[in-house]
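Below is one structure, written out as structure tokens; comments come after it.
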Amino acid sequence: MEIIKGKVDWIDITKPTHEDLEWLRKKYKIHKIILKELQEPSVRAKVESYDNYLFFIYYFPIYDAREKLSRRAEIDFLILKNAVITVHYEDIPALDHFRKVNFENTLELSYQMLNSLLVFEDRQLRHVREKVEEISAMLFQGQEREVLENIAYLKRDVSEYRIIIRHQRPILESLLQHGERFWGKEALIYLNDILGEYLKILNQVEDYRETIMDFDNTNTQMMNVKSTEVMKTFTILAFLTFPLMLFTSLFAMRVPGVPFINRTNGFWIVIGILSTVMAVMLLYFKKRDWL
């Protein structure tokens with residue numbers, strides 16, 4: 001637990017212990033049910049207001065480069081009139097710079113913290129932007145398999161990111177209502193601004209999602225065209241070779257009456273006939289634009 005003193009105190013707790021929670025109970029009279037929720041990550045985000053403090057749980061995405069996936073992180077806020085308590089279960093670099101800043105009231109401090117988390121979320125989208133640009137450059141370079149793999153990872157990442165941030169909207173909208181009652185009408189301009197910044201991020205995610213789906217459809221169509229061309233080639237080869245194989249099989253039969261079998265140049269006559277038949281068939285296919 002770290003306590004940053006100023007005009008408004010900030011108590012920051014990472015991986016809360018029993019001693020940390022007991023200190024909160026004695027110092028700020030936090031209800032035991034709330035303290036129990038702070039012991040470990042919560043199963044759902046929510047906003048609750050009490051007589052002397054505001055409590056809400058906020059989820060945000062963190063990109064895991066090793067897993068190529070955005071995962072959910074949690075931060076819990078307990079906001080009093082003269083102090084802000086944050087509880088989280090892993091280090092959150094987005095909050096580090098607040099240790100050197102002094103704020104006039106808890107509304108301003110809470111606003112700046114939420115805004116900082118939204119800026120952090122926007123930075124987390126940087127790898128999505130880079131991947132979208134990379135896939136765009138690969139689309140027409142004959143790398144369909146590589147594009148397909150990259151798109152699969154990116155679709156999973158964006159879907160997880162989208163699930164996480166979509167849960168933020170009801171929390172921020174609920175915070176707008178509870179915040180007005182807790183801080184007064186002056187809170188509306190701050191909380192509406194937070195909601196507006198969130199909607200910008202959500203729109204970005206939706207744009208990226210649609211772009212990825214378009215890339216996926218384009219790549220699939222190109223793979224289908226290539227597959228069709230391959231199947232077409234094999235079909236033509238089969239059509240060309242089957243009659244020739246049948247023709248040579250007939251000449252290979254050792255029965256009376258097979259032509260050219262007793263002629264000195266019979267082999268070359270058969271080769272000439274086969275070559276002529278193949279040339280005629282090839283010209284016919286080209287004329288019909290089958291080749």
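For reference, positions follow the sequence shown, starting with 1.
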Hey, mind stepping through L188 and E186 against side chain to side chain contact (heavy atoms under 4.5 Å, CB included) and telling me if it holds? CA-CA 5 Å; L188 293 178; E186 64 174 324; over 6 Å; no
The test is side chain to side chain contact (heavy atoms under 4.5 Å, CB included); show your working for E144 and K226 and say whether it passes. CA-CA 10 Å; E144 286 80 10; K226 281 195 170 183; 3.2 Å; yes
Starting from the C-alpha separation in whole Å, work towards a yes-or-no answer on side chain to side chain contact (heavy atoms under 4.5 Å, CB included) for D76 and H88. CA-CA 6 Å; D76 303 335; H88 42 96; over 6 Å; no
Go through it in stages, so that I can follow the logic: the residues are F140 and M222, the test is side chain to side chain contact (heavy atoms under 4.5 Å, CB included), and I'd like the CA-CA distance, side-chain angles, deciding distance and then a yes or no. CA-CA 9 Å; F140 302 102; M222 293 175 67; 3.8 Å; yes
Show the numbers, then the answer: is there a side chain to side chain donor-acceptor pair (under 3.5 Å) between T17 and D20? CA-CA 5 Å; T17 63; D20 294 332; 3.1 Å; yes
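In this structure, K68 satisfies the cation-pi test against Y153, with its NZ or CZ atom closer than 6.0 Å to the six-membered ring centre and inside 45 degrees of the ring normal.
To the nearest 0.5 Å, atoms CD1 (I151) and CD (E146) are separated by 11.5 Å. Here the CG atom belonging to L118 is positioned 14.0 Å from the CE atom belonging to M113, to the nearest 0.5 angstrom. We find the CD1-CG distance between I135 and N219 to be 9.0 Å, quoted to the nearest 0.5 Å. Rounding to the nearest 0.5 angstrom, the gap separating the CG atom in L35 from the CG atom in L78 is 8.0 Å. I79 contributes atom CD1, which lies 8.5 Å from atom CG of L107 (distance to the nearest 0.5 angstrom). From N115, atom CG reaches atom OG of S110 across 12.0 Å, with rounding to the nearest 0.5 Å.
Two residues are said to be in side-chain contact when any heavy atoms from C-beta on lie closer than 4.5 Å; Q39 and K36 meet this criterion. In this structure, Y161 and V128 have side chains that are not in contact, with every pair of non-hydrogen atoms separated by 4.5 Å or more. Here the side chains of Q204 and L125 are in contact, with some heavy-atom distance below 4.5 Å. V8 places none of its side-chain heavy atoms less than 4.5 Å from the side chain of E104. The shortest distance between side-chain heavy atoms of L21 and R25 does not fall below 4.5 Å. Between K27 and I11, every side-chain heavy-atom pair lies at or beyond the 4.5 Å cut-off. With a 4.5 Å cut-off on side-chain heavy atoms, I75 and V87 do not count as touching. A heavy-atom distance below 4.5 Å is not found between the side chains of V84 and D9.
There is a path of hydrophobic side-chain contacts, each under 4.5 Å, that joins Y89 to I30. Cluster annotation: L202 is connected to I62 through the hydrophobic network of ILVMFWY side chains, with a link wherever side-chain heavy atoms come within less than 4.5 Å. The hydrophobic cluster containing I171 also contains F182, counting ILVMFWY residues as joined when their side-chain heavy atoms lie under 4.5 angstrom apart, directly or transitively. Cluster annotation: I85 and W23 are assigned to the same hydrophobic cluster (Ile/Leu/Val/Met/Phe/Trp/Tyr, side-chain heavy-atom contacts under 4.5 Å, transitive). Placement of I92 and V101 within a single hydrophobic cluster is found when ILVMFWY residues are connected by side-chain heavy-atom separations under 4.5 Å, directly or transitively.
Salt bridge status for E180 with K185: present, with a side-chain N to carboxylate O gap under 4.0 Å. Look at E206 and R166 and you find a salt bridge, because one of the NZ, NE, NH1 or NH2 atoms lies within 4.0 Å of a carboxylate O, short of that distance. A salt bridge does not link K15 to E90: none of the charged side-chain nitrogens sits closer than 4.0 Å to a carboxylate oxygen. Ion pairing between R99 and E2 holds under the 4.0 Å rule for side-chain N and carboxylate O. Using a 4.0 Å cut-off between a side-chain N of Lys or Arg and a carboxylate O of Asp or Glu, R126 and E130 do not qualify as a salt bridge.
Ring centroids of Y63 and H127 are separated by less than 6.0 Å, placing the two rings close together. Aromatic rings from Y190 and W183 are positioned such that their centres are separated by 6.0 Å or more.
Relative orientation of the F103 and F98 rings is tilted, given thresholds of 30° and 60° on the angle between their planes. Between F56 and Y58, the ring planes lie perpendicular to each other; the angle is over 60°, past the 30° to 60° tilted range.
With D157 contributing its side chain and S70 its backbone, the two residues share a donor-acceptor pair below 3.5 Å. A donor-acceptor pair under 3.5 Å links the side-chain atoms of T211 to the main chain of D207, judged by distance alone. Side chain of Y28 to backbone of L80: no donor-acceptor contact under 3.5 angstrom is found. A distance-only check finds a donor-acceptor pair linking the side chain of T276 to the backbone of G272 [under 3.5 Å]. At least one donor-acceptor pair closer than 3.5 Å links the side chain of S159 to the backbone N or O of K155. Using a distance-only test at 3.5 Å, with no hydrogens or angles considered, no donor-acceptor pair links the side chain of S49 to the main chain of H178.
Between R209 and V158 the shortest heavy-atom distance is CB-CG1, 4.1 Å. Closest non-hydrogen pair, L175 versus V47, comes out as N-CG2, 4.1 Å. Scanning all heavy atoms of the two residues, the minimum distance from F215 to S136 falls at CZ-CB, 3.7 Å. Closest non-hydrogen pair, S116 versus H97, comes out as OG-CE1, 3.4 Å. Shortest non-hydrogen contact noted between Q168 and P61 is NE2-CD, 4.2 Å. Heavy-atom minimum distance, L54 versus G179: CD2-CA, 4.5 Å.
Enclosure of atom NZ in K81 by more than 12 non-hydrogen atoms of other residues, nucleotides or ligands within 6.0 angstrom is indicated. Residue K46 places its NZ atom among more than 12 non-hydrogen atoms of other residues, nucleotides or ligands, all under 6.0 Å distant. Heavy atoms of other residues, nucleotides or ligands lying less than 6.0 angstrom from CZ of R169 number 12 at most.
For the residue pair N203/Y208, the side-chain donor-acceptor check at 3.5 Å is not satisfied. D193 and Y111 are linked by a side-chain donor-acceptor pair at a separation below 3.5 angstrom, with hydrogens and angles left out of the test.
Every residue two or more places apart in sequence or in another chain that forms a ring-ring contact (aromatic ring centres under 6.0 Å, His included) with Y53 is listed here: Y50.
Partner of W10 under the side-chain hydrogen bond (donor to acceptor under 3.5 Å, both in side chains) criterion, out of T86, T106, N102: T86 alone.
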